[in-house]
Amino acid sequence: MTSLRLVFRNLLKSPGFAVYTILSLALGIGANTALFSIFDQIILKPLPVADPSRLVVFHSEGTNSGSVSKDNYESVFSYPMYSDLTAKLTGAGGEAATFDAVIARCGALGPEGGVSISGIGEPQIAGADSVTGNFFDGLGLQPAIGRLFNQNDDKVEGANPVLVLSYGYWKEHFGGRADIVGQKLLVNDHPMEVIGVAPAGFEGLVSGAKPDLYLPIHMLPIVSPDFKHLNDRRTLFINVFGRLKADASIGRAQAQAAPVYKAFLEAELREMKNPSDKFKRGFTAKKLEFVPAGQGINVMRKRYQTQLAFLMGMVGLILLIACANVANLFTVRAIGRRKEMAVRVSMGATRATIIGHLLVESLVLSMLGGI
């Protein structure tokens, strides 16, 4: 305490030095902290799901037939292709499984990728994702309240008018009321029952999308009457994700999936009418790749990674300059305090005592700058 009192007394005698040092450190530390928070959210932070390192997104580039609809840069597949791949890769057909689960999602088809919500409060447009029945289970998520989808909720077209609210939408628009479970909302004028709320922190698998609610994929033709192509192999609209088994690598999974995917493409090709030879070669040459998706489909990362890395370097340089300025200030201050230190030594102060005092002074200024 004596050392601290002495430090503050000395700093009050040199307010200009103290203020300049604190502000220099505050500028460098503050800029780095603020930008690193953004960098962490966009570039580094994994999805809040069980073991995100085992999550991959299915990717396939090349010639497509039919229509393509998507809300991100990743590959999309038809629902029948998703079903076929799920059966083969999870061992449902008796094959050796490399995936614990294969799930899919798409942005809801509607105004600006959303749906109209009414029935409780003012009508509004909400962002929505349509997902497979095993979506939440495949991600290892538990509900905040109520329950999440299961396979029985997503088997028959239009048979299960249920929905799950996102945690943020539940808190913001329904005040976190537990009695929302069991109530009905009108989704594009179709009554659907709220069965649960997704866990806090989970905001979907596409960065920046943040769906307000989730619908079973088999309800798409009901809430979006213009969409009549759920079982059409030439309508590509869903992103497919898989959770690798604990003992499976991406390389092994791709080796297993390659002949399976090629066989499915050849089967689809046989159903097409008079495709050209060029189209045939391009279509059947497509490869199925599994891309690590511990951060989901990170649109922001793909778009801004280079810019953010450059900015991190710039603010790091600002911190370095601030530290160099502070070091120079301390050097000049030390020269001006030579007589003070000589007096302390003559009065019996040891070298360790003086060094300790200077370290406490530096620590106090650093803490104030950090705060």
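These numbers come from the heavy atoms of this one structure, side chains and all, not from hydrogens, waters or symmetry mates.
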> Between the side chains of Ser53 and Asp51, does any donor sit under 3.5 Å from an acceptor?
Replying inline: yes
> Using the ring of each side chain (for Trp, its six-membered ring), is Tyr82 parallel, tilted or perpendicular to Tyr79, with breaks at 30° and 60°?
Replying inline: tilted
>> Any heavy-atom pair between the side chains of Phe237 and Val76 that's under 4.5 Å?
In response: no
> Transitively linked via ILVMFWY side-chain contacts under 4.5 Å: Ile321 with Val19?
Replying inline: no
> Sub-3.5 Å donor-acceptor pair from the side chain of Asn134 to the main-chain atoms of Val102, do we have one?
Replying inline: yes
> Linking I/L/V/M/F/W/Y whenever any side-chain heavy atoms sit under 4.5 Å apart, do Phe241 and Leu236 land together?
Replying inline: no
>> Please check: side-chain N/O of Asn298 versus main-chain N/O of Ser207, any donor-acceptor pairing under 3.5 Å?
In response: no
> With a 4.5 Å heavy-atom cut-off, do Val49 and Arg243 have their side chains touching?
Replying inline: yes
>> I'd like to know if the side chain of Thr235 and the backbone of Asn231 have a donor-acceptor N/O pair within less than 3.5 Å.
In response: no
>> Using the rule given for side chain to side chain contact (heavy atoms under 4.5 Å, CB included), can you reason through Met192 versus Val223, listing the C-alpha separation, both sets of side-chain angles and the distance that settles it, and then say yes or no?
In response: CA-CA 10 Å; Met192 301 187 72; Val223 298; 3.7 Å; yes
> Given side chains that start at C-beta, do those of His173 and Ile120 come closer than 4.5 Å, heavy atoms only?
Replying inline: no
>> Quick one, Asp100 with Arg54, criterion side chain to side chain contact (heavy atoms under 4.5 Å, CB included). Give me CA distance, side-chain angles, the key distance, then yes/no.
In response: CA-CA 10 Å; Asp100 282 331; Arg54 289 165 50 205; 2.5 Å; yes
> Asn160 side chain to Val162 main-chain N or O, any donor-acceptor pair under 3.5 Å?
Replying inline: no
>> Exactly one of Lys70, His59, Arg105 should register a side chain to side chain donor-acceptor pair (under 3.5 Å) with Asn239. Which one does?
In response: Arg105
>> Using modelled atom types and a 3.5 Å cut-off, is there a donor and acceptor pairing between side-chain atoms of Asn72 and backbone atoms of Glu74?
In response: yes
> Do the ring planes of Phe174 and Tyr169 sit parallel (below 30°), tilted (30 to 60°) or perpendicular (above 60°)?
Replying inline: perpendicular
> Going by the angle between their ring planes, with limits at 30° and 60°, are Phe290 and Phe99 parallel, tilted or perpendicular?
Replying inline: perpendicular
> Would a 4.5 Å heavy-atom cut-off, applied to side chains only, mark Thr98 and Arg252 as touching?
Replying inline: yes
> Is the backbone of Ile217 close enough, under 3.5 Å, to the side chain of Asp154 for a donor and an acceptor to pair up by distance?
Replying inline: yes
> Is the backbone N or O of Ala257 less than 3.5 Å from a side-chain atom of Lys88, with the two atoms forming a donor-acceptor pair by type?
Replying inline: no
> Do the non-hydrogen side-chain atoms of Ile117 and Leu213 ever get within less than 4.5 Å of each other?
Replying inline: yes
> Would you call Asp212 and Val115 a side-chain contact if the rule is heavy atoms closer than 4.5 Å?
Replying inline: no
> Any donor-acceptor pair under 3.5 Å linking the side chain of Asp153 with the backbone of Asn150?
Replying inline: yes
> Donor-acceptor pair, Asp84 side chain versus Ala87 backbone, under 3.5 Å?
Replying inline: no
> Can you tell if the side chain of His218 reaches within under 4.5 Å of the side chain of Val156, non-hydrogen atoms only?
Replying inline: no
> Are the side chain of Ser130 and the backbone N or O of Pro216 linked by a donor-acceptor pair below 3.5 Å?
Replying inline: no
> Hey, are the side chains of Tyr261 and Met81 touching, using non-hydrogen atoms and a 4.5 Å cut-off?
Replying inline: yes
